[in-house]
There are 2 protein chains.
Amino acid sequence: MLTDETRYKLLKRLEENPHINQRELANELGISLGKTNYCLKALIDKGWVKVGNFRQNPHKLQYAYLLTPKGLEEKARVTLRFLKRKQQEHEQLLEELKELREEVAALKPLEEGEV
Amino acid sequence: MLTDETRYKLLKRLEENPHINQRELANELGISLGKTNYCLKALIDKGWVKVGNFRQNPHKLQYAYLLTPKGLEEKARVTLRFLKRKQQEHEQLLEELKELREEVAALKPLEEGEV
DNA sequence: CTATCACGTTCAACGGGTGAACAAAGCGAT
DNA sequence: ATCGCTTTGTTCACCCGTTGAACGTGATAG
């Protein structure tokens, strides 16, 4: 599953550092290698990311995952979308917290240690 | 899987209204019937909830899922635990929002409609 | 007594995630 | 050039929680 969240994180991380391998990506994003591979391919298929190789540069060999111009546009869009979603989540969370606090206040006080 | 979240929601809902069936519970908690059944049984096994029947009452038959005294204690504990977790989530979310806003601010402005 | 309804209970099927295992490609030493 | 060794991408069988249709049961109405 390629969600907005992983899409966003991938594009962001790749823009920061195109010289990164899938295992590191997986670690940093907190997802498995398999999923990383799957999602990354999806980005490539869509044309947001292009793999370039740098053999010309003697040492510092390695490939790189570069954002295409379309990839940059997409990243902007996803970021905004993601921000909005997080703002909604935030409001919802505030309400939940309010309810929870009221409920806790209604309880016979408990020692903190008992939790 | 019986998480703190469903544990909390179940105990809360059952305290509010012990005369509720598993299908309604499932709807209100936003989980499947199967999971509701599974989690409810877990609460019963632990001794937090007891099923009482009310056959004596001619009409208004039906069973009921009643919180035991231990169930009430547990509910208090879970509520506090859950509140703390949500507070942490909240802080984390604020940071994420901050980062996202900075990132959005750094973009070439986009029409809202383009998202 | 039988059909129907309202329940709780079960479990085969599904789906997403995982990471071990494999394939390919580069590097260094001989 | 050859042979390991290392790094990296790719695959896919497996795991595990979730789902909801199907089933069993017991009460109700007709």
Side-chain angles (χ1 to χ4, degrees), chain A residues 1-11 13-68 71 82 85, chain B residues 1-11 13-14 16-68 71 78 82 85:
Chain A
M1 264 234 72
L2 176 51
T3 65
D4 260 11
E5 173 147 11
T6 46
R7 206 184 334 254
Y8 162 72
K9 286 186 182 174
L10 275 175
L11 291 174
R13 199 66 193 81
L14 291 179
E15 192 185 22
E16 289 168 2
N17 173 24
H19 297 275
I20 185 174
N21 63 52
Q22 297 186 10
R23 268 162 249 262
E24 281 184 53
L25 265 177
N27 277 344
E28 295 187 9
L29 303 209
I31 60 183
S32 73
L33 178 59
K35 187 177 179 183
T36 302
N37 182 266
Y38 174 80
C39 292
L40 189 50
K41 274 188 180 171
L43 296 190
I44 294 168
D45 280 357
K46 292 265 184 175
W48 312 137
V49 173
K50 193 173 168 253
V51 298
N53 61 359
F54 292 78
R55 255 180 300 214
Q56 47 267 54
N57 197 342
H59 276 260
K60 215 61 181 166
L61 48 144
Q62 260 187 353
Y63 284 50
Y65 299 106
L66 300 162
L67 296 214
T68 65
F82 195 51
R85 231 200 54 202
Chain B
M1 263 235 72
L2 174 52
T3 64
D4 260 9
E5 174 147 10
T6 47
R7 207 185 332 255
Y8 163 72
K9 286 186 182 172
L10 275 174
L11 290 174
R13 199 67 194 82
L14 292 179
E16 288 168 4
N17 173 24
H19 297 276
I20 184 173
N21 64 51
Q22 297 186 8
R23 269 163 249 265
E24 282 184 52
L25 265 179
N27 277 344
E28 295 187 8
L29 303 210
I31 60 183
S32 72
L33 179 58
K35 186 178 179 181
T36 302
N37 182 266
Y38 173 80
C39 292
L40 190 50
K41 274 187 180 174
L43 296 190
I44 295 169
D45 280 357
K46 293 265 186 177
W48 313 137
V49 173
K50 194 173 168 251
V51 297
N53 61 1
F54 292 77
R55 256 180 300 217
Q56 46 268 54
N57 197 344
H59 278 258
K60 217 57 181 168
L61 47 144
Q62 257 184 355
Y63 284 51
Y65 300 106
L66 301 161
L67 296 213
T68 64
V78 176
F82 195 51
R85 231 202 51 203

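Sequence lines set the chain letters: A, B, ... in the order given, protein chains first and strands last, and positions in each chain run from 1. Treat the numbers as computed from the prediction; the structure is a model and nothing was measured.
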- Rounded to the nearest 0.5 Å, the CD atom of A:Glu15 sits from the CG atom of A:Leu11 at a distance of 8.5 Å
- Could you state the NE2-P distance from A:His19 to D:dT7, rounded to the nearest angstrom? 18 Å
- Query: Looking across every strand, which nucleic acid part, if any, lies under 4.0 Å from A:Tyr38 by heavy atom: base, sugar-phosphate, or nothing?
  - Reply: nothing
- Message: B:Tyr65 and side chain to side chain contact (heavy atoms under 4.5 Å, CB included): which single residue from B:His19, B:Arg13, B:Gln22 fits?
- Response: B:Gln22
Shorter than 3.5 Å, N or O on both sides, protein versus nucleotides 15-22 of chain C: list them out with atom names.
| from | atom 1 | to | atom 2 | distance (Å) |
| --- | --- | --- | --- | --- |
| C:dG17 | OP1 | A:Lys35 | NZ | 3.0 |
| C:dG17 | OP2 | A:Met1 | N | 3.1 |
| C:dT18 | OP2 | A:Ser32 | N | 3.0 |
| C:dT18 | OP2 | A:Ser32 | OG | 3.1 |

- Message: Whether A:Tyr65 contacts D:dG9 is assessed here as follows: a side-chain N or O lying under 4.0 Å from the phosphate OP1 or OP2. Is that the case?
- Response: yes
- Note on the structure: Taken to the nearest whole Å, CG/B:Asn37 to C1'/D:dC23 is 13 Å
- Given A:Lys9, A:Lys35, A:Glu24, the one that forms side chain to side chain contact (heavy atoms under 4.5 Å, CB included) with A:Leu29: A:Lys9
- Query: When rounded to the nearest 0.5 angstrom, what distance separates CD1 in B:Ile20 from CG in B:Leu40?
  - Reply: 10.0 Å
- Query: Roughly, in whole Å, what's the span from CD in B:Gln22 to C1' in C:dT10?
  - Reply: 12 Å
- Between D:dT11 atom C1' and A:Lys41 atom NZ, what is the distance in whole Å? 8 Å
- When rounded to the nearest 0.5 angstrom, what distance separates OG1 in A:Thr6 from CG in A:Leu25? 11.5 Å
- Message: Looking at B:Lys50, is its backbone amide N or carbonyl O close enough to the side chain of B:Thr68 to form a donor-acceptor pair, meaning the two atoms are under 3.5 Å apart?
- Response: no
